[in-house]
Enquirer: 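Can you read through this structure? Questions will come right after.
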Amino acid sequence: AKAGGRNGVVLFEAAMLDEAQHKLAIARELAQAFENGELGMHLQLQVDRHGAPAGAELLMRWQRADGTMVRPDLFIPVAESSGMIVALGQWVLRQACAAWLALNQAGHPMPLSINVSPLQFRQPDFVEQVRAILAETGAPARELIFEVTEGLLIEDIGQTITRMHELAALGIRFSIDDFGTGYSSLAYLKKMPLYEVKIDKSFMQDIPQDLSGTAIVQSILSMAGHLGLRVVAEGIETEAQARYLAGHGADMQGFLYHRPMPLAQLIERLDSADLA
Ligand code: C2E
Ligand code: CA
Ligand code: CA
Ligand code: CA
């Protein structure tokens with residue numbers, strides 16, 4: 001039994017080492033991929049309650065040289081723990097500015113949302129970085145929405161709120177992503193310069209048949225209404241979900257309407273919708 005226990009410990013350590021080595025391997029591959037230009041962006045259109053385009057979210061994509069795709073759920077957490085998300089985040093912001101200018105040029109100006117990781121947000125010179133990228137690209141801050149998660153509110157709330165106000169002064173708008181899944185208190189929400197909340201897609205499965213799930217969505221909608229916030233419901237896959245959310249005045253993002261796609265394809269789609 002003693003030997004078995006020891007073996008158990010050895011196996012456990014081996015598994016942890018394996019996991020750590022696996023992450024390190026991905027981190028190295030990701031750094032290489034970034035240098036080699038294997039990272040790209042897709043954009044997913046959001047629609048208003050009439051189905052008309054109301055903005056788009058940029059989502060990072062990693063396509064290996066052999067054509068296989070690596071899911072963001074796999075590489076974003078690794079980029080966070082290796083610190084690489086800071087460089088990636090700056091690159092995403094530049095991509096967003098360029099995408100906005102291209103959409104504007106094509107006659108389809110619309111607000112663009114980007115995901116900002118807590119580590120990136122907490123960089124001492126983050127506000128300066130944003131200011132510099134805006135100046136360099138000439139994209140209007142008013143057209144950018146920074147999606148942050150409730151995780152940002154766990155530490156240093158005072159600092160977080162101060163920084164949000166500094167960015168808001170530049171014109172940046174803020175959204176709380178995956179709203180309802182984390183920790184947030186109404187008291188803090190009121191102090192933040194918020195523009196919108198995004199209802200997490202995990203709640204959409206329940207709409208409209210499950211009463212308690214629907215009650216959560218209902219309460220988020222009513223809270224947002226009281227605070228005067230835009231609501232974007234993500235993960236809309238069915239007509240029934242769309243009817244319910246549109247009926248409550250929410251904007252929507254989901255496969256029912258538009259999948260994430262490259263910028264060129266998005267512009268084509270918007271052009272052909274104009275002709276229709
Ligand atoms: P997220 O910010 O919550 O992004 C929404 C995710 O939902 C995207 O997954 C999108 O493709 C997916 N989605 C959209 N509509 C539907 C739908 O109708 N049904 C379902 N089942 N899914 C839908 P994706 O692109 O795989 O990204 C996963 C996560 O990776 C994102 O979740 C975000 O947390 C992170 N991520 C992606 N790009 C970036 C980035 O540039 N920076 C940072 N920091 N994180 C990013
Ligand atoms: Ca997001
Ligand atoms: Ca989300
Ligand atoms: Ca999410």
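For ligands, and for the atoms within them, numbers begin at 1 and follow the listed sequence.
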Enquirer: Just going by heavy-atom distances, which of Met69, Met252, Met60 is nearest to atom 41 (O) of ligand 1?
Expert: Met60
Enquirer: Taking Ser82 for its side chain and Val78 for its backbone only, find out whether a donor-acceptor pair lies under 3.5 Å.
Expert: yes
Enquirer: Looking at Asn36 and Glu38, would you say the former's side chain and the latter's main chain have a donor-acceptor pair under 3.5 Å?
Expert: no
Enquirer: Can you tell which part of Gln120 has a heavy atom less than 4.0 Å from ligand 1: side chain, backbone, both or neither?
Expert: neither
Enquirer: Hey, is ligand 1 close enough to Asp177 that some N/O pair sits below 3.5 Å?
Expert: yes
Enquirer: Using a 4.0 Å cut-off to any heavy atom of Glu57, which atoms of ligand 1 qualify?
Expert: 2 (O), 4 (O)
Enquirer: Any sub-3.5 Å donor-acceptor pair from His165's side-chain atoms to Lys191's backbone N or O?
Expert: yes
Enquirer: Counting only nitrogen or oxygen atoms and a 3.5 angstrom limit, does Gln44 reach ligand 1?
Expert: yes
Enquirer: Can you establish whether the number of heavy atoms outside Glu136 located under 6.0 Å from its atom CD is more than 12?
Expert: yes
Enquirer: What are the atoms of ligand 1, with element, lying closer than 4.0 Å to any heavy atom of Glu237?
Expert: 17 (C), 18 (O), 19 (N), 20 (C), 21 (N)
Enquirer: Which protein atoms of type N, O or S are found under 3.0 Å from the Ca ion (ligand 2)?
Expert: Glu57 OE2, Asn115 OD1, Glu147 OE1, Asp177 OD2
Enquirer: Output yes when a side-chain donor or acceptor of Gln209 lies under 3.5 Å from a complementary backbone atom of Gln205, and no otherwise.
Expert: yes
Enquirer: Is there a donor in the side chain of Gln123 and an acceptor in the side chain of Gln129, or the other way round, less than 3.5 Å apart?
Expert: no
Enquirer: Could you list the atoms of ligand 1 found under 4.0 angstrom from a heavy atom of Ile236?
Expert: 18 (O)
Enquirer: Would you check if there is a donor-acceptor pair between the side chains of Glu57 and Ser113 at a distance under 3.5 Å?
Expert: no
Enquirer: For atom 17 (C) of ligand 1, tell me which residue out of Phe121, Trp91, Phe255 has the closest non-hydrogen atom.
Expert: Phe255
Enquirer: For ligand 1, which part of Val92 has a heavy atom less than 4.0 Å away: the side chain, the backbone, both, or neither?
Expert: side chain
Enquirer: Going by the order shown, which atoms of ligand 1 are within less than 4.0 Å of some heavy atom of Gly254?
Expert: 15 (N), 18 (O)
Enquirer: Listed by chain and number, what are the side chain to side chain contact (heavy atoms under 4.5 Å, CB included) partners of Asp206, not counting sequence neighbours?
Expert: Asp210
Enquirer: By number and element, which atoms of ligand 1 are closer than 4.0 Å to a non-hydrogen atom of Asp178?
Expert: 3 (O)
Enquirer: Under 3.5 Å, side chain of Glu143 to main-chain N/O of Leu112, donor-acceptor pair present?
Expert: no
Enquirer: Below the 3.5 angstrom mark, is there an N/O of Glu80, backbone or side chain, next to an N/O of ligand 1?
Expert: no
Enquirer: For the 3.5 Å polar cut-off, considering only N or O atoms, please tell me whether Arg61 and ligand 1 meet it.
Expert: yes
Enquirer: Quick check on contacts: which atoms of ligand 1 are under 4.0 angstrom from a heavy atom of Pro260?
Expert: 11 (O)
Enquirer: Using only atom types and a distance under 3.5 Å, with no angle test, would you say the side chain of Asp156 pairs donor to acceptor with the backbone of Thr160?
Expert: no
Enquirer: Applying a heavy-atom cut-off of 4.0 Å, say which part of Ile76 lies close to ligand 1: side chain, backbone, both or neither.
Expert: side chain
Enquirer: Checking Arg61 side chain against Met69 main chain: does a donor-acceptor pair fall under 3.5 Å?
Expert: no
Enquirer: Determine, using heavy atoms of Glu234 and all atoms of ligand 1, whether some pair is separated by less than 4.0 Å.
Expert: yes
Enquirer: Tell me whether Trp100 contacts the main-chain N or O of Met110 through its side chain, where contact means a donor paired with an acceptor under 3.5 Å.
Expert: yes
Enquirer: I'd like to know if the side chain of Arg173 and the backbone of Arg142 have a donor-acceptor N/O pair within less than 3.5 Å.
Expert: yes
Enquirer: Counting distance only, does the side-chain N/O of Gln218 pair as donor-acceptor with the main-chain N or O of Thr214 below 3.5 Å?
Expert: no
